[in-house]
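Input: a single structure, listed below in structure tokens.
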Amino acid sequence: MKRRDFLHTTSLTGIAVASGAALMSCDHKNKEQKPVVSTSEENEITPIAIATWNVPEAVNKAWEVIENGGSALDAVEQGCRVEEANEEGQSVGVGGLPDRDGNVTLDACIMNAEGDYGAVVYLQNIKHPISVARKVMEETPHVLMAGKGAEQFALSSGFEKENLLTEASKKAWEEWKVTAKYKPIINIENHDTIGMLAIDKEGNISGGCTTSGLAYKMAGRVGDSPIIGSGLFVDNEIGAATATGMGEEVLKTVGSFLIVELMRQGRSPQQACEEAIERIVAKNKDRLQDFQVAYIAINKKGATGAHAIHSGFSVTSYTAEKQEIYNSSHYLSDS
Ligand code: SD4
């Protein structure tokens with residue numbers, strides 16, 4: 001048993017030193033983060049809000065909802081909305097980098113503790129796809145809506161039509177067009193697609209995932225983020241997982257569902273994330289330098305895991321005990 005050994009990249013207010021957090025030792029190379037085992041007793045509830053990347057405002061918002069007794073579903077929706085509205089985040093919502101034709105197209109999904117799911121893909125002109133996804137889940141007989149139909153549904157539900165292409169993203173796209181080389185790069189930014197998982201005070205789990213997808217993607221391309229089981233999966237009996245990075249590889253391995261199923265079989269969230277990354281690694285040995293994939297996961301007890309192919313993947317996590325941003329462990333030693 002050792003104390004947590006997280007690499008803190010940012011110091012946040014209200015950070016409390018975790019006391020007595022049990023750790024599992026892990027022999028995989030390059031661990032920066034040790035798997036966390038919750039301090040909670042078997043049936044104790046450990047509320048948490050956790051998200052991919054360095055997104056303290058979003059996670060703070062989700063945590064506020066949880067602290068005030070709100071549902072995990074409200075928490076993830078509210079948290080994701082913060083990033084969707086943030087013009088500086090160029091991979092989510094307004095300000096997202098466009099496809100190769102200059103159109104910002106958004107993908108998002110949400111899943112609640114009952115196992116209900118709603119999603120939108122290729123949605124344009126609407127700032128909050130996560131909320132449209134929730135409406136699809138709660139107010140239609142469907143789970144997944146695309147393109148114009150999704151936009152019409154959003155408009156008829158009271159969402160406003162807005163221009164999502166900011167000057168900064170337009171300029172970046174125009175610069176890209178000079179060479180127009182389509183080569184998705186390893187994303188090691190501190191800020192990207194947001195996948196968020198939460199447990200509320202009732203112990204219920206929900207998740208959300210929202211993105212503008214890969215920059216300069218082919219028109220019509222949809223990634224993993226809005227697809228149930230790939231970008232996100234929640235099973236209230238077991239836990240939840242969400243993904244970021246090269247969606248094609250996550251889709252091919254149905255990564256988030258895989259992680260939840262591995263936890264069902266007894267893996268810790270950390271072990272499950274590592275195994276899901278290794279599935280991708282095994283099939284891509286000679287092109288690992290070309291892309292990043294990262295996962296985060298929680299189990300029913302509030303234990304967490306996070307693992308990526310490359311270094312540089314950060315995780316933001318709030319519990320009553322601790323608020324932190326840390327770098328996940330990663331598979332490759334040379335990145
Ligand atoms: C996608 N997974 O569209 C998303 C992109 C992403 O960090 O997560 N970028 O493939």
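What you see is a predicted model; the values in this text were computed from it and never measured. Whatever order the structure lists them in is the order used to number ligands and atoms, beginning at 1. Computed from heavy atoms alone, side chains included, the values below leave out hydrogens, waters and symmetry copies.
Between Glu151 and Lys161 there is a salt bridge, since at least one side-chain N of the basic residue sits less than 4.0 Å from a carboxylate O of the acidic one. Ion pairing between a basic and an acidic side chain is recognised when a charged N comes within 4.0 Å of a carboxylate O; Glu248 and Lys252 show no such pairing.
For Thr193, a nitrogen or oxygen atom sits less than 3.5 Å from a nitrogen or oxygen atom of ligand 1, counting backbone and side chain alike. Checked against a 3.5 angstrom limit, the closest N/O atoms of Thr244 and ligand 1 fall inside it. Close N/O approach between Glu248 and ligand 1 is not found [any backbone or side-chain N/O within under 3.5 Å]. Polar contact check, Asp224 against ligand 1: a nitrogen or oxygen pair lies under 3.5 Å apart. An N or O contact shorter than 3.5 Å is missing between Gly223 and ligand 1 by distance.
Taking 4.0 Å as the cut-off, Gly245 counts as a neighbour of ligand 1 on heavy-atom distance. Taking a 4.0 Å cut-off on heavy atoms, Lys217 fails to register as neighbouring ligand 1.
When each atom of ligand 1 is checked for a heavy atom of Ser225 under 4.0 Å away, the hits are 2 (N), 4 (C).
His128 and Glu84 share a side-chain donor-acceptor pair at under 3.5 Å. Counted by atom type alone, Glu57 and Asn86 present zero donor-acceptor pairs between their side chains at under 3.5 Å. A side-chain donor from one of Gln270 and Glu274 sits under 3.5 Å from a side-chain acceptor of the other.
Hydrophobic clustering keeps Val132 apart from Val104 (ILVMFWY residues linked when any side-chain heavy atoms are closer than 4.5 Å, directly or through intermediates).
Taking both residues in full, the closest heavy atoms of Ala150 and Val120 are given as CB-CG1, 4.2 Å, listed atom of the first, atom of the second, then distance.
When non-hydrogen atoms are compared, ligand 1 lies under 4.0 Å from neither the backbone nor the side chain of Glu249.
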